[in-house]
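Take a look at the structure set out below.
First the proteins, then the strands, lettered A, B, ... as listed; each starts at 1.
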2 protein chains.
Amino acid sequence: MSTGRNPGLRERTRRAVRAELSRTAMDLFTRHGYEATTVDDIAAAAGISKRSFFRYFPQKEDVVLADVELLGDEVVRGVAARPVDEAPWDSLAAVLGEWAEGILSTTAATRRLRLVEGTPALRARLHTTRDELRRRVATALCDRDGVTLDRFEAELLTAAAAAALDTASHRWSLDPDADLRGLVTRAFEVLRPAAATLE
Amino acid sequence: MSTGRNPGLRERTRRAVRAELSRTAMDLFTRHGYEATTVDDIAAAAGISKRSFFRYFPQKEDVVLADVELLGDEVVRGVAARPVDEAPWDSLAAVLGEWAEGILSTTAATRRLRLVEGTPALRARLHTTRDELRRRVATALCDRDGVTLDRFEAELLTAAAAAALDTASHRWSLDPDADLRGLVTRAFEVLRPAAATLE
DNA sequence: CCTAATGTGTCATCGAGTGTCACAATCTAC
DNA sequence: GTAGATTGTGACACTCGATGACACATTAGG
């Protein structure tokens, strides 16, 4: 078995098919809408069977959100790498601000975020995975050496940070010319907690 | 047509059937779990056809969350009724604190909240409807006479309040003996924004 | 090259949700 | 009351996302 380095033919073709499926699906979604596009449509357009589609993406939503969820790992790592003497809120603001810039770096990611914002089913799924991510980020905040942060407070700060990000994204999705990074920064300023959670 | 006052036989039986379906469904859900219970099961137990079930509740989730969504109106009204010179954050804390007490007043509501917290599909749906509610609450905050509050800031505060409530509920769902009202109060204290949004 | 592991298509099935149609119950008007 | 429009209901067929089973092909590795 070779996961990661030295992919091997199997792993290589698998990734290629996944990427191709992802491209095909996003194309159909943006043209006909997410709901109006059936898994059969995607599979047919990609030249595989419906059953095989589900072998690459366990759920239809995954074809849109799979890589987004991988981005979660970066957020967790980013938080863990922040200086211990920084206020947790600033750590979250910094990491999620970077995240916002990452989203804007490619037009594909931008288009995807707009699709998600405009599709209730995808937004719901995003909420679900973000719940998971929030828990991990809260853990990362607490588990750094030399940090004594109440678990409940960590969860609250993380949830509020997610709320800031969410509100900023939503606002941005309504206005094509809006500056996402700026909205995120302002959101974190407005919601900065008064309680000094760290000296 | 008679909606509201003077129900008439039609409306009366409709409400009775809805209530009966709701009871039957909640009973099956708590015994076998939400996912393991099919709509056919509920319909059979209530003595109606599957097709008729969907005439009372457009979606399976509605049988759990329909009245919860009605509660949203109260929140909006509560916010609108708050004194204008009160800080928005305090208004939200007060209204949602009352909401938490309302939930705890009946064992049925408590059991329902626990079911929702323990079922991903229901949590996702709750998120969706809360998005809608958040927007309405933000509007209510802004639209009071004599209040000049930035729309974006109102959305942020409302989203943060929802995050506080959500984190408190989640924490409460994990600990049978926890005090929901106390958790909500503490959550609002921790997240109180430093920025003075009102003089 | 031979074999065990893995990928794929086909078929069947489940469960949520919807359209249709015929039939029965209710409401309204006379 | 009864006639007729309205509305609720069951039954049937169907769509679509998702899963299990099986046969067949391809690849990995000794």
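Not a single salt bridge (charged side-chain N to carboxylate O under 4.0 Å, His left out) links B:D41 to another residue, sequence neighbours left out. Residues satisfying the side-chain contact (heavy atoms from CB on, under 4.5 Å) criterion with A:R192, sequence neighbours excluded, are A:W89, A:D90. Residues passing the salt bridge (charged side-chain N to carboxylate O under 4.0 Å, His left out) test with B:E69 are B:R125, sequence neighbours excluded. For A:R14, the salt bridge (charged side-chain N to carboxylate O under 4.0 Å, His left out) test picks out no residue, with sequence neighbours left out. Applying the side-chain contact (heavy atoms from CB on, under 4.5 Å) test to A:E74 and every residue at least two apart in sequence or in another chain returns A:R77. The salt bridge (charged side-chain N to carboxylate O under 4.0 Å, His left out) test applied to A:R18 returns no partner, not counting sequence neighbours.
Through chains of ILVMFWY side-chain contacts below 4.5 Å, A:F57 is grouped with A:V17, A:L21, A:M26, A:L28, A:F29, A:Y34, A:V39, A:I42, A:I48, A:F53, A:F54, A:Y56, A:V63, A:V64, A:L65, A:V68, A:L115, A:V116, A:L122, A:L126.
Distance, A:R14 CZ to D:dT26 C1': 16 Å, rounded to whole Å. The separation between A:L21 atom CG and C:dG7 atom P is 14 Å, rounded to whole Å. One can place CZ of B:F29 at 13 Å from C1' of C:dG15, the figure rounded to the nearest angstrom.
Applying a 4.0 Å cut-off to non-hydrogen atoms, the residues of residues 34-51 of chain A that approach DNA chain D are A:T37, A:T38, A:V39, A:K50, A:R51, listed by residue number. Looking at residues 117-130 of chain B, you'll see that no heavy atom sits under 4.0 Å from any atom of DNA chain C. Of the residues in residues 53-61 of chain A, those placing a heavy atom less than 4.0 Å from an atom of DNA chain C are A:R55, A:Y56, in numerical order.
Here salt bridge (Lys or Arg N to Asp or Glu O under 4.0 Å) pairs that include residues 172-181 of chain B, with residues two or more places apart or in two chains, are B:E101-B:R181. The list of ring-ring contact (aromatic ring centres under 6.0 Å, His included) pairs with a residue in residues 102-157 of chain A, not counting sequence neighbours, reads A:H127-B:H127.
With a 4.5 Å cut-off on side-chain heavy atoms, A:T38 and A:K60 do not count as touching.
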